[in-house]
Asker: 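The structure follows.
Residues: numbered from 1 along the sequence shown. Hydrogens, waters and symmetry mates are skipped; everything else that's a heavy atom, side chains included, is used.
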Amino acid sequence: MAKPLLRIQRYFCRKPVRFFSLILLYLTAGSLVFLHSGFVGDSGPGARGGRDSVVASEAGARASSSDTRGLGIMSRVFKETRRTGRRFGPRWMRKSGQGGYKTAGRGGDYTSSWNRALKGRNAKDVDDGRAKYIGCYVDDTLKRALRGVSFFDYKKMTVFRCQDNCAERGYMYAGLEFGAECFCGHKIQAPNASESECNMECKGERSNTCGGANRLSIYRLELSQESARRYGSAIFKGCFHRPDNVTAALPFSAVIQNMSVDKCVDMCTEREKSLAALAGERCYCGFPTPLFSLHELEDEDMCLYRCPGEEFESCGNDNFFVVYQTQVQDNRCMDRRFLSARTKQLVALASFPGAGNTWARHLIELATGFYTGSYYFDGSLYNKGFKGERDHWRSGRTISIKTHESGKKEIEAFDSSILMIRNPYKALMAEFNRKYGGHVGFASQAHWKGKEWPEFVKNYAPWWASHTLDWLTYGKNVHVVHFEELKRDLFSHLKGMVQFLGLKVSEDRLLCVEGQKDGNFKRSGLRKLEYDPYTPDMRANIDELIRTVDAALKKRNMSGVPAEYMPR
C-alpha cells in the first residue's frame with residue numbers, strides 16, 4: 001500500500017505535472033460555477049413565450065432569451081415608457097373614501113378596484129410600513145398597467161428596491177413583474193388578475209413574489225407630503241394669485257380646447273419653459289421671476305375649478321392659477337466656472353459630517369455661478385459635477401471650500417467661514433447612512449441593529465458639539481446657517497450666504513435654484529426606520545450637547561439652535 005502512495009507523491013512533485021493538474025482542476029471548477037449560474041438565473045423557462053421579442057424592442061438593449069438573462073449579460077436597463085395615460089393633479093383632487101383614489105370614469109383606470117385583490121393576503125403582506133399591497137394585475141406590453149418610469153435588474157431585484165425607486169421619483173404606485181422588472185405610475189390602467197398568476201420569486205430575494213409573466217404585483221406607496229405632490233415629469237407647486245403683469249411674468253400663453261393638466265404641461269414643455277400655469281381654458285408658460293416668484297402661496301380651495309377636459313383635475317381660473325413645474329431645466333443658474341482671478345481670501349464651508357455640506361455646495365454653485373472646492377478629494381462628487389473637487393483647497397480658484405475639520409490650526413487657515421449646523425439626531429443618522437450606504441444610500445438593518453450604531457453614536461455625538469464650539473472659538477468671521485432654516489426658507493438664507501461671500505445677488509438665479517434645489521444629493525423619503533434607534537442614554541447625552549451648543553451661540557450674540565433641536 002505504501003509503494004502506490006509513494007509513486008503518487010513523486011508524480012505530483014514533478015513541477016510541470018503539478019502545474020497542469022492544478023490548471024485542469026481550476027478550469028473544471030469554473031465550468032461548474034458557470035453552468036450553475038445559468039440554471040439559477042432562469043427561474044421560469046418558457047413562461048413568457050413570445051413576449052421577449054416585443055419587450056426587447058421597448059427596452060432597446062434587453063436580452064432576447066431566458067438563457068441570456070440567466071448568464072447575466074444584461075443586469076440593468078433604465079427607460080422612460082411613453083407618456084400616454086399620464087395623470088397629473090394635486091392630491092386634493094384625487095382622494096376618495098378610505099384612502100383609495102377616484103377613477104377617471106374613462107380610459108381604463110382600475111385604481112379603485114384594488115380591495116378585491118387583498119383576499120388571501122396576510123397583514124404583513126398588505127402593509128409593511130412603507131407601502132400597501134394592492135394586488136395582482138394584468139400587464140400588456142403594448143398598453144402598460146403602470147405608464148411611468150421602469151427599470152430592470154435580472155440579478156438583484158427586490159420589492160423594496162422597486163418601491164424605493166418609484167417613491168424617489170414621486171410615483172404613487174410600484175409594480176413588479178417577471179421577477180426582475182419594476183414599473184412606476186400614478187394610476188393603474190388594467191384589470192385585476194388572480195393572485196395565483198403572480199407566482200414568480202424576486203431575483204434578489206426568493207422569499208418575496210415579484211409578479212409573473214404579463215402580471216404585476218402592485219403596491220401603493222406611502223409617500224411623504226413633499227414626494228406625493230410630484231407627478232411623473234411635472235411637480236405640483238400650488239395655487240397662486242394671478243400676477244399683476246401676467247404677460248411680462250408668463251410671456252407665452254394659449255387657449256386650449258378641453259383643457260387638462262396634461263395638455264398644459266405638454267405645451268409648456270414643448271416651448272421649453274419650466275412653469276405651466278393653468279387658468280381655466282388658458283395655459284401660461286414661463287420661468288419664476290420677481291414678478292411671479294411662487295413665494296406667496298394661496299389656499300388651494302381658491303383653485304378648485306374643474307378642468308374642462310378632465311373630471312378629476314383642477315385648472316384654476318382667471319384670478320387663481322394652478323402651477324406645475326415641468327421637466328424643462330431652468331438654465332439661468334446652470335453655468336458655473338472657476339474664479340477668473342485667484343483669491344487670497346479662503347472661505348470655509350464647514351460642517352459636521354451629515355449636516356448638508358454637499359447640498360449647500362450645490363446651492364452655492366447654482367446661486368453664484370462659481371465652483372466650490374474641498375479640503376479633501378471625492379471622485380464620486382467630481383463625477384457629479386463638482387469640478388472644484390480636484391483643485392487643491394488653497395488654489396484660490398473656488399468660491400468656498402468644504403471641510404469637516406475642527407482643529408485650531410485647520411480653522412485658522414481660513415479667513416472666514418459659513419458654518420452649517422444640523423439637528424444632531426438627523427445629522428448622526430445621515431452620516432451613518434453615508435458611512436455604510438454612500439452619499440444617497442442607506443445603512444442596512446444589520447448595521448442599525450448591530451454594534452456599529454451604538455459605537456458610532458458614542459464617538460460621533462461629542463464631535464457634533466465640539467465641531468461647532470471649535471469653529472465659534474477659532475473662526476475669524478463666522479456666518480452660521482442652520483440646515484433646517486435653509487430648507488424652510490431657501491431664498492432668504494441662500495441670499496444671505498451669497499452676500500457673505502461678497503458677491504452681487506441675482507434674484508433670477510436664486511429663483512432658478514429654488515426649482516432645482518435638491519439636485520442629486522437627496523435620499524428618498526420612503527425608506528425610514530420603523531423604530532427609534534436612539535436609546536434613553538443616547539438621548540440624554542445628545543440633549544446635553546444641544547444645550548451646550550445653544551449656549552455657545554447665544555454667547556456670541558447669535559440666535560440659538562432652532563426650537564426643534566431642543567429636548568422636549
Side-chain angles (χ1 to χ4, degrees), residues 76 78 80 149 151 165 168-170 230 233 235 272 274 287-288 325-343 346-351 353-404 418 420 422 430-431 433-435 437-442 481 483 486-487 490-491 493-495 497-498 500-501 503 505-506 508-524:
R76 190 177 182 184
F78 281 83
E80 285 279 345
V149 172
F151 75 97
N165 273 276
E168 187 175 2
R169 291 160 175 78
R230 181 168 180 145
S233 62
I235 302 172
E272 297 186 350
S274 67
F287 294 98
Q325 181 179 320
T326 72
Q327 62 184 335
V328 175
Q329 188 174 63
D330 187 345
N331 290 319
R332 294 175 299 170
C333 59
M334 296 308 295
D335 61 301
R336 289 168 292 170
R337 63 189 186 279
F338 289 103
L339 295 172
S340 55
R342 295 180 183 268
T343 179
L346 297 179
V347 183
L349 178 60
S351 75
N357 200 305
T358 303
W359 179 54
R361 289 180 68 184
H362 165 73
L363 298 177
I364 290 172
E365 290 195 358
L366 295 188
T368 65
F370 295 112
Y371 288 120
T372 59
S374 177
Y375 194 79
Y376 320 97
F377 171 71
D378 188 328
S380 66
L381 292 181
Y382 177 84
N383 292 333
K384 286 186 175 181
F386 289 102
K387 301 306 180 185
E389 190 78 15
R390 184 170 285 179
D391 265 35
H392 188 275
W393 66 280
R394 284 186 177 274
S395 71
R397 299 204 306 160
T398 54
I399 195 66
S400 64
I401 299 104
K402 165 189 174 178
T403 179
H404 298 310
I418 296 173
M420 291 280 295
R422 187 180 186 183
E431 175 59 11
N433 275 321
R434 187 208 63 80
K435 186 178 177 70
H439 282 287
V440 293
F442 296 88
V481 177
F483 174 90
L486 178 62
K487 190 174 179 181
L490 186 141
F491 187 90
H493 287 286
L494 185 56
K495 181 178 180 179
M497 293 165 71
V498 174
F500 180 79
L501 292 169
L503 299 175
V505 175
S506 166
D508 281 345
R509 285 193 78 103
L510 291 179
L511 292 169
C512 170
V513 176
E514 284 190 312
Q516 303 173 81
K517 61 183 179 181
D518 290 334
N520 298 317
F521 317 106
K522 181 182 177 184
R523 291 182 176 88
S524 156

Asker: To the nearest 0.5 Å, what is the distance between CZ (Phe287) and CG (Asp508)?
Answerer: 10.5 Å
Asker: Are any non-hydrogen side-chain atoms of Leu346 and Trp393 less than 4.5 angstrom apart?
Answerer: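 They are in contact (side-chain heavy atoms under 4.5 Å apart), so the answer is yes.
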Asker: Side-chain contact, heavy-atom cut-off 4.5 Å: Glu514 with Leu366?
Answerer: no
Asker: Would you name the heavy atoms of Gly396 and Leu339 that are closest together and state the gap between them?
Answerer: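 That would be O-CD1, 3.7 Å.
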Asker: Show your reasoning for whether side-chain contact (heavy atoms from CB on, under 4.5 Å) applies to Met497 and Ile364.
Answerer: CA-CA 8 Å; Met497 293 165 71; Ile364 290 172; 3.8 Å; yes
Asker: Scan side-chain atoms only and decide if Asp378 and Ser380 contain a donor-acceptor pair under the 3.5 Å cut-off.
Answerer: yes
Asker: Could you grab the distance from atom CD of Glu365 to atom CZ of Arg337, nearest 0.5 Å is fine?
Answerer: 12.0 Å
Asker: Considering non-hydrogen atoms only, spot the tightest contact between Gly373 and Thr398 and give its length.
Answerer: N-CB, 3.4 Å
Asker: Is any side-chain heavy atom of Phe338 less than 4.5 Å from a side-chain heavy atom of Asp391?
Answerer: yes
Asker: Compare all side-chain heavy atoms of Leu349 with those of Asn357 and state whether any distance is below 4.5 angstrom.
Answerer: yes
Asker: Say whether, by atom type as modelled, one donor and one acceptor occur between the side chain of His362 and the main chain of Gln516 under 3.5 angstrom.
Answerer: yes
Asker: Out of curiosity, Arg422 CZ to Leu486 CG, how far, rounded to the nearest 0.5 Å?
Answerer: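 Result: 11.5 Å between the selected atoms.
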Asker: What's the separation between atom CD in Glu389 and atom OH in Tyr375, rounded to the nearest 0.5 Å?
Answerer: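 It comes to 14.0 Å.
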Asker: Would you say that Ser374 contacts Arg361 through its side chain, given a criterion of any heavy-atom pair below 4.5 Å between the two side chains?
Answerer: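 Heavy-atom side-chain distance check passes, below 4.5 Å.
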Asker: Calculate, to the nearest 0.5 Å, the distance between atoms CG and CD belonging to Asn331 and Glu272 respectively.
Answerer: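 Taking CG in Asn331 and CD in Glu272, the distance rounds to 9.0 Å.
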Asker: Please report the shortest heavy-atom distance between Leu501 and Ser400, naming the atom on each side.
Answerer: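 Looking at all heavy atoms of both residues, the shortest contact is CD2-CB, 4.5 Å.
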Asker: For Gly515, does its backbone N or O pair with a side-chain atom of Gln325 as donor and acceptor, under 3.5 Å?
Answerer: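 Looks like yes, one N/O pair under 3.5 Å.
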Asker: So that I can tick it off, tell me whether Arg434 and Glu431 are bridged by a salt bridge, with the cut-off set at under 4.0 angstrom between side-chain N and carboxylate O.
Answerer: yes
Asker: Could you state the interatomic distance from CZ (Phe491) to CG (Leu510), rounded to the nearest 0.5 Å?
Answerer: 5.0 Å
Asker: For Tyr371, does its backbone N or O pair with a side-chain atom of Arg336 as donor and acceptor, under 3.5 Å?
Answerer: no
Asker: Does a sphere of radius 6.0 Å around CD in Gln329 hold more than 12 heavy atoms from other residues, nucleotides or ligands, not counting ones at 6.0 Å or beyond?
Answerer: yes
Asker: Side chains of Pro288 and Asp330, heavy atoms from C-beta outward: is any pair under 4.5 Å?
Answerer: yes
Asker: Any side-chain heavy-atom pair from Phe386 and Lys402 closer than 4.5 angstrom?
Answerer: no
Asker: Mark yes or no: Lys387 above the aromatic ring of Tyr382, with NZ or CZ under 6.0 Å from the six-membered ring centre and no more than 45 degrees from the axis.
Answerer: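 Ring-cation test returns yes.
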Asker: Taking the side chain as everything from C-beta on, heavy atoms only, tell me whether Phe370 gets closer than 4.5 Å to Arg397.
Answerer: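 With C-beta onward as the side chain, the pair stays apart.
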